[in-house]
Amino acid sequence: MTTANTEKPAQISREELFKNIISHSKEYGFVFPSSEIYDGLSAVYDYGQLGVELKKNIREYWWKAMTQLHENIVGIDAAIFMHPTTWKASGHVDAFSDPLIDNKDSKKRYRADVLIEEHVAKIEGKIDKEVEKAAKRFGATFDEKMYRTTNPRVLEYQKKAEEINARFKSALEKNDLAEVQQIIVDCEIVCPVSGSRNWTDVRQFNLMFSTQMGSVSEEAGTIYLRPETAQGIFVNFLNVQKTGRMKIPFGIAQTGKAFRNEIVARQFIFRMREFEQMEMQYFVKPGEEMKWYEFWKQARMKWHNSLGIAQDKYRFHDHIKLAHYANAACDIEFEFPFGFKELEGIHSRTDFDLKNHEQFSGKKLQYFDPETNSSYVPYVIETSIGLDRMFLALLSNSYKSETLEDGTIRDVLNLPAFLAPVKVAVLPLVKKDGLPEKAREIMDVLKFDHLCQYDEKDSIGKRYRRQDAIGTPFCITIDHQSLEDSTVTIRHRDDMRQERVSIEKLPAIVEDKVSMKKALKTLTY
Ligand code: GAP
């Protein structure tokens, strides 16, 4: 049996690791650039034959955790197109925009806030370098905390970063775009392409895609591709509450596509122009929102923890500057190969959305409380996670390139077994002597419960490698002994262990290892 080398593997940079993940996911049919034969479409991706399975499994796990485990949460599937007034009421027409700036020489467009944030990050990077150098210089006696609070150069950098941040925050609060531009000028930020400081003014740019409905070409016919799925839930609040006889607190869950004309669209499927969200709006009694906000923070972290990813890969990030509709908000951040970034948002949205929809539609969106015999507009706690970001989190956490004891490399995806695209590979040792027929018999039993792959091409070692690379948790090998005693070997992806088991027991063994039920059972609330 080949085993993984326990020696420390040669370190590769985060950039290199991220590049490897992207090429791995293309090579094995997880994610392709959209319309690639025409050179692709920026920040739009297609999911391939394995990607679609992984994505479906993540969605299903989220969906079951929400709607099956909570008796008071139901799902809907609202249309992508909505009445255009929806987006007036939600604030997206007036306020869903990014501050943009163009470089006159390169003609490249940037998000002004990103240019400033990157500049501050560079200054902070200088601080880290100073600390690193000092740590080397002083060795075991180095006191990092003391150094960071007393070293004059570090303090100077810190002061600079804080000043820029404070100026920027104040400019954003006042919506002072001229000041945002002045910060870029004062910080001497250059265009990464032309290297020049020849900037235009800063303008606000709305991120919603618009199109025309029917044959009307004027303004009146303009509709939007939804930038979040949440509004489909808000406008259906009363439909669901009444027809489902829902009592507060209750939730409505939805998964589906959302569209944003992102300006800085980088980092593969992390930030796309067409993506999928999994959102849940939890309607609560006003005054009880903080209790439920805390509840959903813990519940969502528990869901993430049930995926078997190390806890230190996650952290909460509380929003300091709250959106105008929120009275509390945080992100669950994940450590992607390019650093800690937002994976999921948890927001206490008050009654902002329902109240505005009441006002714009002229229809009451209130809950009649039979206990107090009065009506009120509920408050809302929202949990909102990007399906594509969760996909990327799982992929980047599970991708490993291991050097085995015999010096060969194996690429493996240690995905949670219940989320893996293919659950079982059925492999006859050779293509003759009745082994393929026996293997087909096994396929015909397992395929009704699990996605299985049958493979008889190449050596068994190569076939194992192919399955490791796509994250298949189990390979079943049928050999000559199988014909004599109805046993097969089952090989485990993570430790490459092999055991001999009876064919009769296979369905139960596989089910036990790949069942989503087990993971769901850890999610008691
Ligand atoms: N309804 C609230 C809402 O949409 P958001 O923070 O703008 O909040 C929620 O988005 C989640 O959707 C994010 O945490 C992220 O996972 C995902 N998301 C947002 N923009 C995205 C994009 N351009 N590409 C991929 N995922 C995105």
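Numbering of ligands and ligand atoms starts at 1, following listing order.
- Checking R109, R111, R271 one by one against D98, the salt bridge (charged side-chain N to carboxylate O under 4.0 Å, His left out) holds for a single residue, R111.
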I'd like a table of the close N/O pairs between ligand 1 and the protein (anything under 3.5 Å), one pair per line with both atom names and the distance.
from     : atom 1 : to   : atom 2 : distance (Å)
ligand 1 : 1 (N)  : E228 : OE1    : 2.6
ligand 1 : 1 (N)  : E279 : OE2    : 2.5
ligand 1 : 1 (N)  : E382 : OE1    : 3.4
ligand 1 : 1 (N)  : E382 : OE2    : 2.9
ligand 1 : 4 (O)  : R260 : NH2    : 2.9
ligand 1 : 4 (O)  : Q277 : NE2    : 3.0
ligand 1 : 6 (O)  : E342 : OE2    : 3.0
ligand 1 : 7 (O)  : R260 : NH1    : 2.8
ligand 1 : 7 (O)  : R260 : NH2    : 3.0
ligand 1 : 10 (O) : Q277 : NE2    : 3.4
ligand 1 : 12 (O) : Q277 : NE2    : 3.3
ligand 1 : 14 (O) : E342 : OE2    : 2.6
ligand 1 : 14 (O) : L343 : O      : 3.4
ligand 1 : 16 (O) : L343 : O      : 2.8
ligand 1 : 16 (O) : G386 : N      : 2.9
ligand 1 : 20 (N) : R260 : NH1    : 3.3
ligand 1 : 23 (N) : E262 : OE2    : 2.9
ligand 1 : 23 (N) : M272 : N      : 3.4
ligand 1 : 23 (N) : M272 : O      : 2.8
ligand 1 : 24 (N) : F270 : O      : 3.4
ligand 1 : 24 (N) : M272 : N      : 2.8

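- By the 4.0 Å N-to-carboxylate-O rule, E333 lies close enough to R315 to be salt-bridged with it.
- Among residue pairs with one or both ends in residues 224-237, those qualifying as salt bridge (Lys or Arg N to Asp or Glu O under 4.0 Å) are E228-R349; sequence neighbours excluded.
- Ring geometry for W296 versus H70: interplanar angle of 30 to 60°, hence tilted.
- Test Y314, F270, F391 against F336 for ring-ring contact (aromatic ring centres under 6.0 Å, His included) and you get one pass: F270.
- Relative ring orientation between Y45 and F268 is described as perpendicular, the plane-to-plane angle rising above 60° on a 0-90° scale split at 30° and 60°.
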